[in-house]
Amino acid sequence: MKKIWHELVAGEVVQAFGVNVKCGRTALECKKLQAQFGLNTLPEQKRRSVLGIFLRQFLSPLIYLLMIASAIAFALGNYKDALVIVVVVILNSLVSAVQEGRAEASLAALRRLTKLKAKILRDGQLLELDASELVPGDIYHLTAGDGVPTDGRLLEANVLQVSEASLTGESMPVAKIVDALPAENSLPDRANMVYAGTYVTSGRAIAVAVTTGSRNELGKIAAMAGKTSQVKTRLEARIDAFGKTVALASVTIFLLVFILGLLHGMKMTEIFMVAISQMVSIVPEGLPVAMTVALAVGVQRMAKRRTIVRKLSAVESLGSTTVICTDKTGTLTKNEMTVVQLALPTKPLRRIKVSGTGYEPVGDFKEDVTEEVQTQHMLAQDSNFQRLMTAAVCCNDAELVSPDDVPASWQITGDPTEAALLVCAQKSGINLQALKAKNPRIAELPFDPNFKMMATEHQQDGRSLVYVKGAPEAIFSKCFASSADEHKEILEAFKEVADDMGQQALRVLAFGVIDDAHISSQRGFDGLNGCIHFLGLIAQMDPPRDEVKPAIAECVRAGIKTVMITGDHKATAVAIARQLGIAKSANEAVSGSELDLLSDEQLAAKMEHTKVFARVHPEQKLRIVKSLQSRGHVVAMTGDGVNDSPALVQADVGVAMGVTGTEVAKEASKIVITDDNFATIVAAVAEGRLVYQNIKKLLLFLFVTSVDELLVLLLALLFGFHAPLAAVQILWLNLVSESALTVSLIMEPMEDQDMHRPPVPANEPLLDQKMLHRMPFMIAASVVSTFGWFWARTYMGVPANVVQSETFTVLVVCQWFNLLNCRSPQASAFSGSLLGNPWLVGGLIIANILHGLVIYWKPLAEFFHTTPIALESFFAIGLVASLVLWVEELRKIYARRSLTI
Ligand code: ATP
C-alpha cells in the first residue's frame, strides 16, 4: 500500500526505509537503488533532432519564394535553373542546420553544469554531492539558501522556512515542523514535508528522501505543464525586427527591378529570376543563425573563463554593462580570514595581537601596548579571554580539520569567518572538541544578514546560557543596560576600538552572553534585547585578491563604474575600497542607515559619486539597483544569499557566486561565476562586448555586400545593359559563398580597444553612426570596381557570358576583401595576425575553392552559366577588386590619426 508520509511520525518513515539516521544509506545500497529508481532528475527536454532543425530552415518566407521561383523556372523549361535553386536552398539549409545544431548542443551541455548540489549522509559522512545521486531513503541536510533536492519527510527542523512559490504559488515562505499531520492535508498544508524545486529561506533541517526524479511532486507538475518555451534575447528580437524591415525593403526592390527589366525589354522569365535573386541577396537570411552561433560561442568562451551563462540575454547585457555592483567578502577579498586582534572588556581595556597566517593553528598572542607575550598557560588562567573564546567556539558552525585527516594542510569546512575563530582558539591551546562537548548546543538562531548576528543556546553545568556574536553595533544595541554609566563608558570605548579596527581594513565581530536564558524561535533576535553581557571583540584580516586591483583599473578604462555593496562596517569597507582603487575617501561611502533616510530622488542624485555602500541589508540592494537603473545604467550585481534574490532578478545581469552562493541566488541569476572572483566578472563583460562587436562586424559585412550587388544590378538596368549576373549566380553568392565566410567574423578575437572605450548604449541602433560613416566608402569602392569592370569589358566587346562570369568573380573577390575590412573599424586588416583567427583563413580558403569549382569545374559551371576565366584576367580582377581594401585602409589611417572613430 502507498504510504502517506506526512501522516506518519518521523521515526516510522525512517523505519519504513530501513535506514539508520546517524549513518544514512551505504554506497552499496545507493548503487542498487539507483539501478532500480534511476537518477533523481526530471526527464530532459527532448533536444530537436538534426533533421528537425534542418526542416525548420525551410519554414521561411524567403525559401517559399525561392521554391516558387524554382517552380516557375521549371514550368518555363529552365530545368537547370530550377534544380540549381533547389540544391542551393538545400545546401544553405544544411549549413545553417549544422551550425544551429552545434550551437544548441553546446548550450545544452552548459546548462548541465548548473546542477543542484545536496548535502547527503552516506556511510556516516555528510557529503556534498549532485542532487541527481539521491535515492529514496537517503538522509539529507538543508540550510538557508539550499534548494530542496527531492521530496522529503522532515526528521528535524530548526526554525525552518521554505519558499514553495514554484510549487504552490504561495509567495510567503512557509514554516515547517516535524510532527505528524492528518492524512487528508493537501500539499500546501503538509508542513512536515519538503518538496523538490522549493528553497529554504531560513533555518536548517534534516529530511529523509521519500521519492526521487519524476515521481516527485515537481515531476508531476512538469509532466502536466509540458515544455517551456525558449525566450528570445533582446538582441535576437532586434535582429529579427531588422530582418523584417529589410525583407520589406526587398519587396520594393523586387518591384523596382521588375519594372526596370520590363522597360528594357528583358525576357519575362529572366526578369522574374533576377528580381527574385536580388530580393534574396538583400535579405540577411544567415543572420539569425549567425546570431545563435555568436551567442553560443560567447557562452562557450565565458565557460572557459569560469562564467556559466544561465540565460542567453546575459551575454548582450554584459556587453553594455555600465556599473558592476559587487559584494566585498570573497569577491573582492580572498575570504581567507585570520584573526589578528582581540579586545577584552577589562579595566583598563586590553587589546591583544595575534600572529600566524592561514588556517594552521600556530601563532603568538601579545599585549598590544607592552608587547608582552601571553603564553598558553597565561591565557588558560585569563577568565576574560576564556569566556570570549568559549563564545567564539560554541557560537560557531565551522570545523577545523587537522592535517592527520587531510595530508596537505589544515582545512576548514563552513564559513571562513567562523573557522578563523576556531583557529585562534586552538592557537591559544584550547581543545575545541572538549570545549564543545562541555557546552552541548540545545538551540540556535542561525546568522541573519539583516540582524547581522547569530545566537546559540547551550547547556553548561546544569543551566542554559545563550552566546551571541555579530556586527559590533548589532551586539552593542542589545547589551545589558544596568549600572548605566560604567557600562555605557565601556561600550563607548569599545565602539572606538571597533572603529579603529575597521579603519585598519579588519572585519570585526562582537561577542556576548546571556546567562540563564533560552532562545525563542518565535521572538528570534528581538527576544535578546537589552540583556546581553558584552564579552569582547575579535578582528580578522581578509586580504584583497591580487587580480582585483588590475581588474578595477580595467573597468575604469572601459568606462565601467565599480560599486562595493557590503554588509561590513563602513570603515572596513572604505579601507578596502581605497586599497583597491574603488574609492578615494569616506565621502564616497554611504551606510545602510544613511540610505534609509534618503528619498528615491536624493539617492539617485547621490548615485554618481557613491562608490561604497556599507552595512547594507540585502533588501537595500534592490533599491540601489533600481536607483542606478533609473539613471540609465545597465547594472551587473553580485549576490550569494537568499535575500539577495530580488536584487539579482532586478539587475540587468544578476551574478551568483558559484562557491559560496546559495541555490536560491543561483536560480535568480543570469550568470554564475565559478570562482567567486570579481576579475571573472570583468572578463565576462569583455566577452559580452566581443560578442556584440562581432555581430556588428558581421552585420556590416552582410549589408555592404548586399547593397553592392543591388546597386550593380540597378545601374546595369538603368543604363540599358544586359544583366551583369545570372540569377543563380546571385543565389550562389548569397547562400553558398557568403555562408562560408559569416562564421569567421563571429570568431574574431578581442581587439585591444574593446575594453578601452565606454560601454555601448543598450539602445544603440544595430547599424550605428560609425558603421553608417564607413558604409559609403566600402560600397562605393565595391560598386566602382564591379560595375567599372562590367562596363569596361562590355565596352571592349567581350561576350556577355564571359563578362557575367568575370563580374560574378569581381563581386566574390570584393566580398573577400570586405571581409578583411570588417575585422576592425580602425586597425588595418593586416595588423594583428590574420592567423589569429584560423576561421577567417579557413573561410577564405573554402570560399576560394568553391569559387574555383563554380568557374572551372565544367558540370558546376554549366549549371551556374559560367565560363572559365583566363588566369591573367583573374589577377586583373584581384587587382581591381582590391580597391575595396585600399580605400578602407586609407580611411582607417585617417580615422586612427584623427581618432574620430
Ligand atoms: P559582503 O556583503 O561583502 O559579503 P559581509 O560578508 O561582511 O560582506 P555579511 O555576511 O552580511 O556581509 O556580514 C555583515 C556583518 O555581520 C559582518 O561585518 C560581521 O560583523 C557580521 N557577521 C558576518 N558573519 C557572521 C557570522 N557568521 N556570525 C555572526 N556575525 C557575522
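Start at 1 and go down the list; that is how both ligands and their atoms are numbered.
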Legend entry - Numbered atoms and elements of ligand 1 in range of K328, under 4.0 angstrom, heavy atoms: 1 (P), 3 (O)
Inset, instruction - Starting from atom 18 (O) of ligand 1, find the nearest protein heavy-atom neighbour and note its residue, name and distance. - result: D568 OD1, 2.9 Å
Inset, instruction - Heavy-atom distances under 4.0 Å are what count here, so tell me which part of D415 touches ligand 1: side chain, backbone, both or neither. - result: side chain
Inset, instruction - Please work out which of R507, M454, R615 has its closest non-hydrogen atom nearest to atom 23 (C) of ligand 1. - result: R507
Legend entry - Pairing of D146 and R204 as salt bridge, 4.0 angstrom limit: no
Inset, instruction - Could you check which of P446, G567, A471, A398 puts a non-hydrogen atom nearest to atom 11 (O) of ligand 1? - result: G567
Legend entry - N or O pair under 3.5 Å between T417 and ligand 1: no
Legend entry - E594 bridged to K570 by N-O distance under 4.0 Å: yes
Inset, instruction - Measure from atom 31 (C) of ligand 1 to every heavy atom in F451, F511, F447, F613 and give the option owning the shortest one. - result: F447
Inset, instruction - For ligand 1, indicate whether the residue V508 contacts it via side chain, backbone, both or neither (heavy-atom separation under 4.0 Å). - result: backbone
Legend entry - Nearest-neighbour protein heavy atom for atom 27 (N) of ligand 1, which is reported as residue plus atom name and distance: E418 OE2, 3.0 Å
Legend entry - More than 12 heavy atoms of other groups within 6.0 Å of E367 CD: yes
Inset, instruction - Return a yes/no value for T566: is any of its N or O atoms, backbone included, closer than 3.5 angstrom to an N or O of ligand 1? - result: yes
Inset, instruction - Hey, could you give me the OH/CD distance between Y140 and E128, rounded to the nearest 0.5 Å? - result: 15.0 Å
Legend entry - Flag side-chain contact, heavy atom, 4.5 Å: Q540 against T417: yes
Legend entry - Heavy atoms of other groups near R578 CZ, more than 12 under 6.0 Å: no
Legend entry - Lys/Arg-Asp/Glu bridge criterion (N-O < 4.0 Å) met for R306, D675: yes
Legend entry - Interfacing atoms of ligand 1 (cut-off 4.0 Å, heavy-atom, L509): 19 (C), 20 (O), 21 (C), 22 (N), 30 (N), 31 (C)
Legend entry - Check ion pair K621-D327 (N to O, under 4.0 angstrom): yes
